[in-house]
Amino acid sequence: MLDVQIKKQLFHYDLEVDFSVGNEKVILFGPSGSGKTTILDSIAGLNKPDSGKICLGNNLFFDQKQWMPTRVRNVGYLFQDYALFPHMTVEKNIYYGIRKKEQNSAIEKILDVLRIHHLWTKFPHQISGGEKQRVALARALATEPSVLLLDEPLSALDKQTRTECQDEILRIHEFWKIPFIIVTHDMDEAEKLGNKIIFLEEGKIIKTTTV
Amino acid sequence: MLDVQIKKQLFHYDLEVDFSVGNEKVILFGPSGSGKTTILDSIAGLNKPDSGKICLGNNLFFDQKQWMPTRVRNVGYLFQDYALFPHMTVEKNIYYGIRKKEQNSAIEKILDVLRIHHLWTKFPHQISGGEKQRVALARALATEPSVLLLDEPLSALDKQTRTECQDEILRIHEFWKIPFIIVTHDMDEAEKLGNKIIFLEEGKIIKTTTV
Amino acid sequence: MNGVDYTPLLLSMKVAAISTSIVFLTGVYFAHLFTRKSFFGKSIIESFFMLPLVLPPTVVGFALLVLFGKKGWIGSWLLEWFDLQVVFTWIGAVIASIVVSFPLMYQSASAAFSSLDSRLENAARTMGASEWRVFWTVAFPLAWPGLLAGLVLSFARGLGEFGATLMLAGFIPGKTDTIPMAIYFAVESGQMEQATFWVVIIVALGFSTIMWLNWWSKRNMRRFSADKSR
Amino acid sequence: MNGVDYTPLLLSMKVAAISTSIVFLTGVYFAHLFTRKSFFGKSIIESFFMLPLVLPPTVVGFALLVLFGKKGWIGSWLLEWFDLQVVFTWIGAVIASIVVSFPLMYQSASAAFSSLDSRLENAARTMGASEWRVFWTVAFPLAWPGLLAGLVLSFARGLGEFGATLMLAGFIPGKTDTIPMAIYFAVESGQMEQATFWVVIIVALGFSTIMWLNWWSKRNMRRFSADKSR
Amino acid sequence: SNERDKPVEIMISAAVSLTDALNEVKENYETTNQNVQLTFNLGSSGKLANQIDRGAPVDMFLSASSKDMDTIAAKGLIDESTKVEFASNSLVLITHRDNSTTINSFEQIQPEKIAHFSIGEPNSVPVGRYTKQVFERLGIWDPLQSKLVMGSDARQVLTYVEMGNVDFGVVYSSDTVITDKVKVLAEADDEWHESITYPGAIINDSLHKKEAQAFLDYLTSEEGKAVLKKYGFK
Ligand SMILES: Nc1ncnc2c1ncn2[C@@H]1O[C@H](COP(=O)(O)OP(=O)(O)OP(=O)(O)O)[C@@H](O)[C@H]1O
Ligand SMILES: Nc1ncnc2c1ncn2[C@@H]1O[C@H](COP(=O)(O)OP(=O)(O)OP(=O)(O)O)[C@@H](O)[C@H]1O
Ligand code: MOO
Ligand SMILES: [Mg+2]
Ligand SMILES: [Mg+2]
């Protein structure tokens, strides 16, 4: 169970949210600039809320007094701007977070679905926008995290690839049973991927629906 | 009239396209990695096709013997990854390509529609993904170009903002009457924005439809 | 310490300021030019730029004397056409400082320009920016941290330059005596008090300038080196 | 040129190699540490690092002699505990080279680290990378062009170092005579042929090493400085 | 060298102006005394004195000026009983070999006709100190002030003259032996300056005083003197 309770002053409004995610798929849905990425960054430990508390089960990620470094939070995070390592090949990027070599077959499956096998030896500046996004998705999935954060994971993909990737995400959740938080702007996608949709506006939760 | 005729060897296939764009809105539609960005880059002069010819009216952009530098091609280009100047405020970014100060009122209108006025003094790393995309769109529109190239201009936006931006793009085309080439993965958007849709696959045009 | 002659201070400031400016401009110019173009013999020229760093300053001074001396190639030419004497004048000190600090500026600037993201320069070009404008509005500000490092290094090196200067400008008290020379001769003649005085002065001058440069850069160029993270 | 004693060549290579390695490691370490932490007095320490660049080498040598001499703080301590004599040994030459070239490495590395995109380091952290791994796999390779510049500069400076070395290591033919000293003393005693010989050797050594470094870097680190454009 | 005992190494800090002479002396000495190896540390006398003051492991100091020897003697660093003057030198007025000047004595120096005159820096370089004494004696120190280019050692003065950048220079007569690009115009009268002597002494901390003394004796013997003379010393 991931409990998130954040207060943080942003430039134009205060972000103030409070929600819990079980081993389910929660969608953050809201207009551009409503604080979605900020929430994911806080969970991953890439920024510090002004106050609040974030914990995953018994693991306290953050509260007034404590701060757990990003490294040990064990989150898988697909960044909105990918943040691929420019000096590493696709292969090195994807294998970066993998500890044990045994999981190879799971990864192979992911690579097949995402269709990025042929990019194996390419560097990020040598591949297309959508290819980058798929590599970033593979990288986030490859770590076998305790929480998965996906910031607009499929926005640069065409319909067909998108559908296949959605199915893969669902399949992986089936398998891992951990909290997924997914940001998307596409209502159809939200309804397909999520158990629960959190509607954000100017940093506040205005509605929560269960699919 | 923009005539594009390109042959270029890519990593996994040969790009080979031939199409013309009048003062209309043409959509490039195709799966991830099918060569859309490569085509826009060639038109903007950011890469050199192996052979072919690109010309806008009487202006020869490129052929076997000639090469017109990017600077004088006068294209407006929204990059897929935005390429905002990280060291300039939103204001400086948008005003970068503006020659005459008179067009201010036209720009004001764009800024209103894109709702980025309040970001005026912020740097790119201080704004959200969707905000970046809108700033990049404003920057491309502000130059008053002879050809407009938009590489997935609205992919990071929520439904409502997206609709408004689509309307603005249509309105601007009404007004400027120049060739627009727009890349999108969303069929609805393609049909709303385009006069003509070019379907690409592995670097070849497989179909062209007129809306 | 009364009756101290302050000419070394003024002279050092003048020499360091002029040579640093020239080195900055030429270093940035060549580094930018060379990172964009590749041609045969480039790495040889680049190694050649490093020469004054590898050779002991006295040898550099000796070579400069051969070039700029009254009978040297450049020296005799300057004398004939411009009636300009370089040896034994403060101009000689400027030349010596330029030569020894140029490699520092060039190498730093070259590294800075080579790690630029050319996508941003291209974005500027699509908006009709001339190469000149692309340079000043995109390449230069984004390369700034590296350029600043080069600036600080070459200023410090130019300020502290001694061996080559002594050779080319000579030690003429009241005319070509920079602070490092004053220190050297004070140490050599065992006048430790005098030496300490000048060490304090040069350290103060060096520190305050470097700190001012850093402060100025933070203030005016903060955004250039802005943390690109959220 | 028969019967030339080649000890200066071997000694210079040894001294330059050891001092460059030490300077590279410590310079990179401190630069990385200091760009991430900010604390009171940081800019003072940073200015302090620049000191050996501002002062004429002879003065640096004098200061080192005071520290490392038999009666100096460090010198007496080294002698007592390790029975290690620094003055008049090749170790003295290494120390002198380290001190004069450290500022070059530090400043270059500092600029390189400060323009890193911390978003990439964060991405590595989310994947469970330790700070050590983040450094070696992300920060170091991405800062490489700047680090290489520092490496080249400090190698060249260390190779050419003369003033401070002369003071600390002395000029003992066959024992502490680096190439720059051999040049200096050949000039001193009017043996121009000998001097030219050594100048050619040091230039060849410097050039070939710098070109080898650049070549090696292009080969092994091409991707690190890869043009980030399409 | 002898196979059985390792030769004793004697570290001698010597004024750089003695380099060539000492190298020849060393060769001669080591062939007859195989139990000794002479190692030189060369530099300007002031630097050498500084190093000895800071505890450099030296057995003998051969200085180019009594002032530097006196400095460390005053600190009790040398064995005063071993101090000897093993050589002396004189000052000469030199110019570039192509210079057509007709001057042939120090008295004929006309400051107003000179653009640049190079001498050693008087406070730190012995040759400069002696030169200053000469000029003061002749009353041309003040009028020459603005013309003086001061070198950090005799070699620099010589270089300026060799390259024709200064009109005249003053160096030791021994310095002119190694170059043919300058001509000697005049030699200064010994009366005009304190005597230019080269004192040598053994350092108190030396571990090889006996062997050092033997070499110092050799240097002052007729055989040693002959070599020094060959290189322009007296
Ligand atoms: N420098 C290059 N040389 C050769 N091939 C390249 C180069 N850069 C990219 N490619 C390849 O060209 C293909 C087309 O890339 P492009 O960016 O044009 O695709 P796209 O249609 O824009 O895709 P997306 O919708 O994912 O952005 C990709 O397979 C890519 O790997
Ligand atoms: N360092 C910062 N300090 C304060 N406010 C910030 C900072 N960085 C970004 N903001 C602001 O926080 C708001 C929320 O940004 P965030 O990136 O979380 O939005 P988002 O919901 O992810 O939007 P999008 O869908 O466009 O990516 C934006 O208005 C942005 O300008
Ligand atoms: O000991 Mo010197 O050679 O007169 O400076
Ligand atoms: Mg976002
Ligand atoms: Mg693309």
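Below, chains carry the letters A, B, ... as their sequence lines are ordered, and counting in each starts from 1.
- Residue contact with chain D, scored on non-hydrogen atoms closer than 4.5 Å, involves the side chain of Val58(E) exclusively.
- Your options are Asn50(E), Leu158(E), Val177(E), and the one with the most heavy-atom pairs under 4.5 Å with chain D is Asn50(E).
- Asp205(E) CG: 12 or fewer foreign heavy atoms inside a 6.0 Å radius.
- Note on Leu42(E), Asp20(E), Ile178(E): by heavy-atom pairs under 4.5 Å with chain D, the leading option is Leu42(E).
- For Glu9(E), the CD atom sits in a packed shell: over 12 heavy atoms of surrounding residues, nucleotides or ligands are nearer than 6.0 Å.
- Considering all non-hydrogen atoms of both residues, Gln85(D) and Pro57(E) come closest at NE2-CD, 3.3 Å.
- Residue Asp98(E) places its CG atom among more than 12 non-hydrogen atoms of other residues, nucleotides or ligands, all under 6.0 Å distant.
- At least one donor-acceptor pair closer than 3.5 Å links the side chain of Asn41(E) to the backbone N or O of Phe171(D).
- Using a 4.5 Å cut-off between heavy atoms, Val66(D) contacts chain E through both its backbone and its side chain.
- Tyr184(D) touches chain E through its side chain: at least one heavy atom from C-beta onward sits under 4.5 Å away, while N, CA, C and O do not.
- For CD of Glu187(E), the number of neighbouring non-hydrogen atoms (other residues, nucleotides, ligands) closer than 6.0 Å is greater than 12.
- The neighbour count for Lys181(E) NZ, taken as heavy atoms of other residues, nucleotides or ligands under 6.0 Å away, does not exceed 12.
- Met167(D) places none of its side-chain heavy atoms less than 4.5 Å from the side chain of Arg54(E).
- Contacts of Thr58(D) with chain E are made by side-chain atoms alone, with heavy-atom separations under 4.5 Å and no backbone atom involved.
- The main-chain N or O of Leu168(D) is never found under 3.5 Å from a side-chain atom of Gln51(E) such that the two would form a donor-acceptor pair.
- Annotation for Lys75(E): atom NZ does not count as buried by contact number, only 12 or fewer foreign heavy atoms lying within 6.0 Å.
- Only the side chain of Met192(D) comes within contact range of chain E, judged by heavy atoms closer than 4.5 Å.
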